[in-house]
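The structure under discussion appears below in the form of structure tokens.
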Amino acid sequence: DTKKTDKLTMAHSYHTKSPFHAIQQYIEHYTNPGDIILDCFTGSGMTGIASQKYKRKSVLIDLSPIASYLAYNYNTSTSSDRFLNTAGNILDELSSELGWLYKTKHTNGKEAVINSIIFSENFKCPICSTSFVLWEYAVNHIEKKMDDPFQCKNCNATIKKSECNKVFEDFYDESLSKSFLQSKVTPVEIVYTFNKKRYKKTPDVDDVNLIEKVNKIKIPFWHPTNDIPPGHNLNQPIRAQGYKNVHHLFTRRNLYALSALYHKINLVSDEEIKNKLQITFNSFLLRASRKAILAIGYYFNGGGGYIATISGNWYIPSLNVEVPVFEQFKTRVKKINEINLHNFNKKNICILTQSSTILSNIPTNSIDFIFVDPPFVENLMYSELNFL
């Protein structure tokens with residue numbers, strides 16, 4: 001009975017993750033308590049969890065620094081109370097200092113809290129060259145789906161999205177003090193909460209002004225501005241959106257919130273608590289980025305979450321959803337805390353960030369069982385996908 005969706009397995013996602021329940025069966029059958037298990041392609045460290053649950057020890061190896069860091073955090077528990085209290089204090093401080101980032105107004109003019117904002121790319125009609133917002137042309141609000149082809153509202157021509165060129169505009173990047181030509185996006189709909197009820201609205205003048213205000217802010221906290229290197233996957237946002245630096249993969253508002261959160265986490269003196277908070281931060285980066293895509297069917301019809309991320313690539317959707325950072329962090333804290341509830345001990349694991357082709361640092365005859373689940377390197381570019 002292999003479970004892929006239990007709370008521990010789902011605490012943090014990683015490419016092609018094997019659930020520890022499946023690995024457990026091999027370990028239980030082939031090894032004895034106290035044996036040492038070797039996993040040369042550990043990824044998120046599920047072999048370590050399976051080993052610890054059956055009183056074995058493990059050597060976990062991965063070439064990726066973020067994978068080995070995740071494996072370490074997955075296989076070590078810390079105080080649940082201290083973890084939750086520290087995270088709660090950070091959230092309280094951020095809500096007080098930067099809560100205004102995610103505020104809007106209800107129809108009565110009173111303050112409300114933003115749950116998400118949909119941004120739509122702009123295109124040009126291939127027939128009449130009229131610029132349009134994709135949301136306004138292609139989203140069928142009556143049938144609650146995306147139309148393709150759809151009709152140009154200016155010339156009435158039937159057109160496909162693939163036939164249309166994107167509209168690009170100059171964006172002044174305050175982090176690098178230079179301008180970039182990037183795909184033009186327009187905020188088209190806000191989901192917000194007022195008096196514990198959810199509503200939808202078209203962004204008003206105040207909402208647009210807030211976005212423009214944040215876009216001009218010089219963020220006071222450190223954040224990465226590395227060039228996005230050329231690569232099979234990484235060329236996509238460079239070519240399609242003009243996102244040439246890693247921080248361009250976030251809206252300016254979410255970048256500001258993320259950098260403030262990361263700053264607070266790094267001020268934590270307890271190293272084990274800090275490690276757990278950092279991996280919590282890492283766990284929702286994709287969802288906080290422009291890769292968050294609108295699931296149209298769920299958005300209009302309910303029945304599930306309307307925000308998703310497509311794994312295994314660097315595709316930036318034309319309908320991107322900006323999800324507030326602090327709420328995402330709050331949700332992920334609860335999920336990561338599941339690790340703390342299992343009382344995993346770092347004395348039971350050895351984590352190595354290195355190639356599996358040279359294992360001379362592991363003593364001869366020290367390993368009792370090897371679990372091998374090699375990466376799908378011809379299908380997934382792990383190093384590119386881990387760049388963020």
Side-chain angles (χ1 to χ4, degrees), residues 9 11-18 20 37-49 51-52 58-78 222-234 237 245-247 249-250 258-259 261-263 265-266 268 270-289 291 309 311-314 329 332 335-336 339 344 346-362 371-388:
T9 300
H12 193 298
S13 62
Y14 192 73
H15 330 292
T16 64
K17 179 195 286 185
S18 298
F20 69 87
I37 318 299
L38 171 65
D39 186 346
C40 298
F41 310 98
T42 194
S44 57
M46 293 295 103
T47 298
I49 289 177
S51 299
Q52 292 206 61
S58 57
V59 178
L60 308 175
I61 297 175
D62 204 283
L63 192 61
S64 167
I66 190 59
S68 54
Y69 185 63
L70 174 55
Y72 172 82
N73 274 284
Y74 237 133
N75 280 273
T76 57
S77 299
T78 188
W222 177 88
H223 52 278
T225 58
N226 307 60
D227 291 344
I228 297 176
H232 179 75
N233 286 289
L234 293 171
N245 297 74
V246 66
H247 63 295
L249 297 171
F250 303 93
L258 284 167
S259 63
L261 172 58
Y262 194 68
H263 175 75
I265 289 173
N266 281 316
V268 175
D270 186 319
E271 285 298 319
E272 286 302 317
I273 299 296
K274 187 195 304 189
N275 282 331
K276 282 293 181 292
L277 291 171
Q278 286 181 335
I279 211 64
T280 304
F281 178 90
N282 173 267
S283 72
F284 71 93
L285 275 181
L286 283 182
R287 196 174 174 86
S289 76
K291 272 184 61 63
T309 56
S311 61
N313 58 52
W314 269 113
F329 182 66
R332 297 307 307 184
K335 292 181 181 294
I336 292 294
I339 299 169
F344 295 133
K346 62 183 177 183
K347 292 181 179 179
N348 295 322
I349 57 166
C350 175
I351 307 282
L352 301 171
T353 308
Q354 64 175 63
S355 170
S356 61
T357 60
I358 301 174
L359 302 176
S360 56
N361 53 333
I362 299 177
F371 178 80
V372 180
D373 182 18
F376 301 94
V377 290
E378 292 187 357
N379 298 321
L380 289 177
M381 308 296 181
Y382 286 78
S383 59
E384 293 184 15
L385 297 173
N386 288 351
F387 175 67
L388 181 60

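Note that the coordinates shown come from a computational prediction; the quantities given were computed from them, not determined experimentally. What you see below is based on every heavy atom in this structure, not just the backbone, and it leaves out hydrogens, waters and symmetry mates.
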Margin query: What I want to check is whether the side chains of N386 and Y14 have a donor and an acceptor closer together than 3.5 Å.
Written below: yes
Atom pair [atom1]/[atom2] of [X] and [Y] - distance to nearest 0.5 Å:
X	Y	atom1	atom2	value
T9	Y74	OG1	OH	6.0 Å
I279	R332	CD1	CZ	11.0 Å
M46	K17	CE	NZ	4.5 Å
L285	T309	CG	OG1	11.5 Å
I349	D39	CD1	CG	12.0 Å
Q278	I336	CD	CD1	12.5 Å

Looking at residues at least two apart in the chain, or sitting in another chain, which of them share a side-chain hydrogen bond (donor to acceptor under 3.5 Å, both in side chains) with [X]?
X	value
S51	none
S356	none
S18	D373

Side-chain ([X]) to main-chain ([Y]) donor-acceptor, under 3.5 angstrom:
X	Y	answer
N245	T225	yes
K276	N73	yes
S58	L60	no
S77	I339	yes

Write down the atom of [X], the atom of [Y], and the distance for their closest heavy-atom approach.
X	Y	value
N75	G45	ND2-O, 3.0 Å
W314	N233	CB-O, 3.5 Å
L385	N313	CD2-N, 3.5 Å
N282	H12	OD1-NE2, 2.8 Å
I49	F344	CG2-CZ, 3.8 Å
F387	D227	CZ-O, 3.6 Å

Next item on the list: Just say parallel, tilted or perpendicular for the rings of H15 and Y382, cut-offs at 30° and 60°.
Entry: perpendicular
Next item on the list: Name the orientation class of the two ring planes belonging to W222 and Y262 (parallel below 30°, tilted from 30 to 60°, perpendicular beyond 60°).
Entry: tilted
Check: [Y] and [X] side chains under 4.5 Å, non-hydrogen atoms:
X	Y	answer
L359	C40	yes
I265	T280	no
I351	Y69	no
L258	F284	yes
L388	K291	no

Note to self: side-chain contact (heavy atoms from CB on, under 4.5 Å) for V59 and T42? Distances and angles first, verdict last.
What the structure shows: CA-CA 9 Å; V59 178; T42 194; over 6 Å; no
Next item on the list: Evaluate the side-chain contact (heavy atoms from CB on, under 4.5 Å) criterion for residues L249 and I228: first the C-alpha distance (whole Å), next the side-chain angles of each, then the deciding distance (0.1 Å), finally the verdict.
Entry: CA-CA 10 Å; L249 297 171; I228 297 176; 4.3 Å; yes
Checklist line | Heavy atoms from other residues, nucleotides or ligands near NZ of K346 exceed 12 (cutoff 6.0 Å) | finding: no
